[in-house]
Engineer: 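Can you keep this structure in mind? I'll have questions shortly.
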Amino acid sequence: MTANEIRDSFKNYFESKGHAIVPSAPMVIKDDPTLMFTNAGMNQWKDIILGTRDPEPRRRADSQKCLRVSGKHNDLEEVGHDTYHHTMFEMLGNWSFGDYFKEGAIDMAWEYLVDVLKLDPKDLYVTVFEGSEEENLVRDDEAAGYWAKHVPADHIINGNKHDNFWEMGDTGPCGPCSEIHLDSRTPEEKAKVPGRELVNKDDPQVIEIWNIVFMQFNRKADGSLEPLSMNVIDTGMGFERLVRALQGKHSNYDTDIFQPIIKEISRLSGKEYGKTEDVDVAMRVIADHLRAVSFSIADGQLPSNAKAGYVIRRILRRAVRYAYTFLNQKEAFMYKLLPVFIGEMGGAYPELVAQRELIGRVMKEE
Ligand code: GLY
């Protein structure tokens, strides 16, 4: 399946389960003092989750444009050096606002991955929140019980607060979560070390693909947890990682999300991908950052010297620096990649097509 077909299959599956398919919110956030960019699919539903906005329709699904440029794995300076972290990425998500809860979310996630996408259950591991004395919370035995319907006990792994209690930020909706991890190593590697030992250990071939959050609390400014007025399901699946798994690749950049851009970088620069590490990193940086900067500009955030604008300026300049240093590009370069990039993504995100002229002009001027 192509990336575009995979995105459609997610929406079709959840639509068949009674979800309204809704558009992505803008990646740039203008009205929330706690966030500059959308960093998770649930951001646009914060008010519903906190009970201050109408929850109807109670089942929704979408593909959300997200940007993460800080945090353990998403330090801007690291992106491009590995094969599975990005600044901008798409998050496939399904939500239930006071409708189904843990069992429904787990059953649907499993059915979609195993019955629809045909991932091998032997390669899937799930994690559950082990509890936290400090928060006065016990292990999520309920989620573990539902997972046990689908996977053997040695595929269910306890996780700590860091990995298995999802929080939007310092304050706001939060709750225990179950992550689904995929082992895409070779059979020989799997025979040597069981996948369960590599979950959450930074192995590039054993990675989290889907996080299912059981939102039950609102974290208050004083750090306390207040129960929500309804139970909410918030899931986030890393689209680029899913595509990589389904296309049988070992790097997100080898999928048809990134390859057309990388081929264009290669054609324009005369350098080949896959020959030297410096050039490869540069091409990955440029391909990743092209997406982040284009979507930001399309959503109304131009590069500038302050706040969100400064983040975008830093991302764009980092890409330019790599193009200059490793691909010998001494003139404006990024904007030349737009026809290929927008050709690939414009169908799913028409704002790129609508803002194409502005994106090109801003990139060139910057
Ligand atoms: N809100 C779920 C996630 O971002 O993983």
Side-chain angles (χ1 to χ4, degrees), residues 7 10 14 19 22 24-27 29 32 34-50 55 58-74 84-102 104-106 108-109 112-113 124-129 140 143 147 157 159-182 199-200 207-219 225 228 230-243 245 252 292:
R7 191 189 297 103
F10 179 86
F14 280 98
H19 292 66
V22 293
S24 170
M27 198 170 77
I29 298 182
D32 184 337
T34 66
L35 275 181
M36 287 195 288
F37 297 100
T38 297
N39 66 4
M42 54 70 64
N43 294 159
Q44 65 166 321
W45 316 124
K46 187 175 158 186
D47 293 345
I48 297 180
I49 298 170
L50 294 178
R58 288 177 184 268
R59 293 183 181 207
R60 305 182 198 199
D62 70 2
S63 169
Q64 172 65 49
K65 305 171 278 187
C66 297
L67 188 74
R68 291 187 186 172
V69 282
S70 58
K72 187 165 157 252
H73 293 299
N74 290 71
Y84 63 110
H85 286 105
H86 301 289
T87 53
M88 184 266 160
F89 60 96
E90 288 179 70
M91 184 88 100
L92 303 176
N94 57 290
W95 286 273
S96 158
F97 304 118
D99 191 320
Y100 59 87
F101 198 43
K102 294 185 187 184
I106 287 171
M108 280 188 257
Y112 179 62
L113 292 179
L124 298 172
Y125 293 84
V126 300
T127 60
V128 295
F129 179 49
D140 194 351
W147 283 121
I157 299 163
N160 61 20
K161 191 173 132 182
H162 172 75
D163 291 319
N164 282 89
F165 192 87
W166 198 86
E167 311 214 29
M168 189 186 111
D170 293 337
T171 61
C174 55
C177 60
S178 269
E179 297 173 341
I180 304 176
H181 293 251
L182 176 75
V199 165
N200 276 330
I207 58 174
E208 177 199 341
I209 53 167
W210 203 346
N211 189 16
I212 300 172
V213 187
F214 313 116
M215 293 280 190
Q216 288 171 284
F217 306 104
N218 178 24
R219 172 85 66 191
L225 293 176
L228 296 175
M230 63 183 163
N231 286 330
V232 170
I233 288 296
D234 156 21
T235 88
M237 174 144 62
F239 176 65
E240 294 76 10
R241 293 177 178 194
L242 178 70
V243 173
N252 293 4

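Numbering of ligands and ligand atoms starts at 1, following listing order. For reference, positions follow the sequence shown, starting with 1.
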Engineer: Would you compute the distance between atom CE of Met27 and atom CG of Asn43 and round it to the nearest 0.5 angstrom?
Structural biologist: 12.0 Å

Engineer: Pull out every atom of ligand 1 sitting under 4.0 Å from any heavy atom of Val213, numbered as shown with elements.
Structural biologist: 2 (C)

Engineer: Taking distance alone, with no angle check, do Asn39 and ligand 1 share an N/O pair under 3.5 Å?
Structural biologist: no

Engineer: Under 4.0 Å, heavy atoms only, figure out whether ligand 1 is touched by the backbone of Arg68, its side chain, both or neither.
Structural biologist: side chain

Engineer: Are any of the N or O atoms of Asp234 closer than 3.5 Å to those of ligand 1?
Structural biologist: yes

Engineer: As an exercise, state the distance from SG of Cys177 to CG of Asn164, rounded to the nearest 0.5 Å.
Structural biologist: 4.5 Å

Engineer: Name all residues meeting the side chain to side chain donor-acceptor pair (under 3.5 Å) criterion together with Tyr100; count only those two or more places apart in sequence or in a different chain, and write none if there are none.
Structural biologist: His19, Asn94

Engineer: May I ask whether Met91 has any heavy atom positioned less than 4.0 angstrom from an atom of ligand 1?
Structural biologist: yes

Engineer: Go through the steps for Asp62 and Gln44 under the test side chain to side chain donor-acceptor pair (under 3.5 Å), then give the verdict.
Structural biologist: CA-CA 11 Å; Asp62 70 2; Gln44 65 166 321; 3.3 Å; yes

Engineer: Can you list the atoms of ligand 1 that are under 4.0 Å from a heavy atom of Met42?
Structural biologist: 1 (N)

Engineer: Parallel under 30°, tilted from 30 to 60°, perpendicular over 60°: which one fits the rings of Trp210 and Phe14?
Structural biologist: perpendicular

Engineer: Can you find a pair of side-chain heavy atoms, one from Asp99 and one from Arg60, that are under 4.5 Å apart?
Structural biologist: no

Engineer: Among protein heavy atoms, which lies nearest atom 5 (O) of ligand 1, and at what distance?
Structural biologist: Asn211 ND2, 3.0 Å

